[in-house]
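Below is one structure, written out as structure tokens, with a few remarks after it.
Counting convention: from 1, in listed order, for ligands and their atoms alike. Heavy atoms only: backbone and side chains are in, while hydrogens, waters and symmetry mates are out.
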Amino acid sequence: MASGRVDLDGNPIKPMTICMIGAGGFIGSHLCEKLMAETPHKVFAVDVYNDKIKHLLEPSSLQWADRIQFHRLNIKNDSRLEGLIRMADLTINLAAICTPADYNTRPLDTIYSNFIDALPVVKYCSENGKRLIHFSTCEIYGKTIGSFLPKDSPLRQDPEYYVLKEDASPCIFGPIEKQRWSYACAKQLIERLIYAEGAENGLEFTIVRPFNWIGPRMDFIPGIDGPSEGVPRVLACFSNNLLRREPLKLVDGGESQRTFIYIKDAIEAVLLMIVYTKVSGEPSLDSPTIDISSKEFYGEGYDDSDKRIPDMTIINKQLGWNPKTSLWDLLESTLTYQHRTYAEAIKKAISNPTAS
Ligand code: NAD
């Protein structure tokens with residue numbers, strides 16, 4: 001446990017206090033688990049919800065009980081935030097509205113959450129000389145250069161035209177009326193602000209751009225532990241379809257490409273930084289997928305990145321990190337969790353639709 005870990009120079013890790021904003025979400029819950037189980041660090045876990053970290057907070061006899069404190073607060077309007085950042089050595093900001101279905105349907109909330117609400121966090125870190133790890137997104141790259149080439153161009157297969165590099169790839173978003181880009185644009189602006197705070201005021205920072213992190217506790221299942229009309233991120237949508245024995249909805253033909261990574265591998269990186277039939281034992285559907293237009297699925301103003309494949313040079317060089325879990329294994333463990341957690345509730349909801 002705690003004492004076994006060393007830093008990148010091989011020295012034992014000194015205990016520090018981390019102010020983790022958005023600690024009650026998907027990534028935050030895994031990060032808190034890891035920090036409690038494998039490091040000596042203390043965590044101020046800040047969020048408006050704590051359901052996903054309840055198992056770390058109760059009972060008070062847990063071995064790490066004195067190392068994790070939950071602070072229920074909304075960073076939009078709570079004067080306690082600055083005090084917590086000041087008392088911590090490091091702030092990790094995970095708080096955001098970050099489900100694609102919200103980007104074009106709730107663009108104002110999306111922009112406020114990803115830009116305006118993050119401003120005080122950056123300001124307090126900068127003014128108090130505290131290091132900030134801010135969670136941005138791979139959406140920041142937008143579309144690949146290759147997507148603008150003619151459909152039959154062989155250059156589309158050339159990695160030069162699609163691999164996304166932190167320090168070289170441009171951020172290519174669609175027109176303003178494609179409100180889907182409100183999220184990426186707000187994240188880009190907060191990245192630029194953090195960068196500028198670093199350049200002008202010496203803020204020490206790390207910006208993380210996750211590429212679809214997947215695993216237990218991701219998002220919600222509509223009508224079970226989230227709003228029935230809500231649309232979670234892609235794998236949670238697929239598992240909802242699978243649990244309800246509906247075909248998977250493939251938006252606009254399902255041609256967009258993503259890179260998926262298992263949450264536990266990704267958390268390893270942060271710390272430095274299925275298939276379904278097998279799980280449920282049920283036979284596969286005759287039509288396992290159906291096509292659906294993005295307008296029908298997400299509403300007006302949706303648009304998409306064609307391909308998201310990261311260049312690994314910088315993270316290899318700086319952290320010596322590579323993911324270990326195969327796509328097959330991460331699907332199996334994630335969908336097994338989804339099945340174990342939601343199958344009974346979905347069966348009940350389907351047999352009694354008015355009750356949910
Ligand atoms: P999540 O929605 O599960 O967690 C975000 C948490 O922030 C939630 O618990 C929410 O209650 C909290 N929060 C939001 N606004 C708040 C506020 N005003 N005050 C206090 N708490 C607030 O999301 P996640 O998947 O854990 O993502 C965390 C971060 O990583 C986000 O910034 C997201 O944009 C980024 N990201 C995640 C992925 C991914 O694959 N999960 C991909 C790209 C980017």
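- Using a 4.0 Å cut-off between a side-chain N of Lys or Arg and a carboxylate O of Asp or Glu, E344 and K348 do not qualify as a salt bridge.
- A salt bridge links E33 to R217: at least one charged side-chain nitrogen sits closer than 4.0 Å to a carboxylate oxygen.
- Between E139 and R180 a salt bridge is recorded (basic side-chain N to carboxylate O distance below 4.0 Å).
- At the top of the distance list for atom 14 (C) of ligand 1, counting protein heavy atoms only, stands A96 N, 3.6 Å.
- If you number the atoms of ligand 1 from 1 as listed, the ones under 4.0 Å from a heavy atom of G24 come out as 9 (O).
- The backbone N or O of D329 sits less than 3.5 Å from a side-chain atom of S326, completing a donor-acceptor pair.
- The number of heavy-atom neighbours closer than 6.0 Å to NZ of K264, taken from other residues, nucleotides and ligands shown, is above 12.
- Of the protein's non-hydrogen atoms, the one nearest atom 17 (C) of ligand 1 is N74 OD1, 3.4 Å.
- Per-residue contacts place L94 under 4.0 angstrom from the following atoms of ligand 1 (heavy atoms of the residue considered): 5 (C), 28 (C), 29 (C), 31 (C), 32 (O).
- The pair E204-K130 fails the salt-bridge criterion, with no side-chain N (NZ, NE, NH1 or NH2) lying under 4.0 Å from an Asp/Glu carboxylate O.
- Using a 4.0 Å cut-off between charged side-chain N and carboxylate O, E58 and K54 make no salt bridge.
- For R72, the CZ atom sits in a packed shell: over 12 heavy atoms of surrounding residues, nucleotides or ligands are nearer than 6.0 Å.
- Listed by atom number, the atoms of ligand 1 under 4.0 Å from G22 heavy atoms are 6 (C), 7 (O), 12 (C).
- For ligand 1, one of its N or O atoms has an N or O atom of D47 under 3.5 Å away.
- Residue contacts with ligand 1 for V48 involve both N, CA, C or O and side-chain atoms from C-beta outward (heavy atoms, distance under 4.0 Å).
- In terms of polar-atom proximity, I27 is counted as a contact of ligand 1, with an N or O under 3.5 Å from an N or O of the ligand.
- Of all the heavy atoms of K187, the ones lying under 4.0 Å from any atom of ligand 1 belong exclusively to the side chain.
- Protein heavy atom nearest atom 42 (C) of ligand 1, with residue, atom name and distance: P210 CB, 3.6 Å.
- Closest heavy-atom approach to atom 34 (O) of ligand 1 among the candidates W213, F220, Y183, Y49: Y183.
- Taking the charged nitrogens against the carboxylate oxygens, R209 and E191 do have a contact shorter than 4.0 Å, which makes a salt bridge.
- For F220, the CZ atom counts as densely surrounded, since its 6.0 Å shell holds more than 12 non-hydrogen atoms of other residues, nucleotides or ligands.
- By the criterion of a heavy-atom distance under 4.0 Å, the backbone of S136, and not its side chain, is placed next to ligand 1.
- Taking every non-hydrogen atom of I75 and a distance limit under 4.0 Å, the qualifying atoms of ligand 1 come out as 17 (C), 18 (N), 19 (N), 20 (C).
- For ligand 1, the polar-atom distance check finds an N/O of G25 within less than 3.5 Å of one of the ligand's N/O atoms.
- The shortest contact between atom 13 (N) of ligand 1 and any protein heavy atom is with A95 CB, 3.7 Å.
- Between the side chain of N240 and the backbone N or O of A236 there is no donor-acceptor pair closer than 3.5 Å.
- In terms of protein heavy atoms, atom 3 (O) of ligand 1 is closest to F26 N, 2.8 Å.
- Residue nearest to atom 24 (P) of ligand 1, selected from R308, R233, H30: R233 (by heavy-atom distance).
- Side chain of D219 to backbone of R233: a donor-acceptor contact under 3.5 angstrom is found.
- At a 4.0 Å heavy-atom cut-off, ligand 1 touches C98 through the side chain alone.
- Below 4.0 Å from some heavy atom of L73 lie the following atoms of ligand 1, by number and element: 19 (N), 20 (C).
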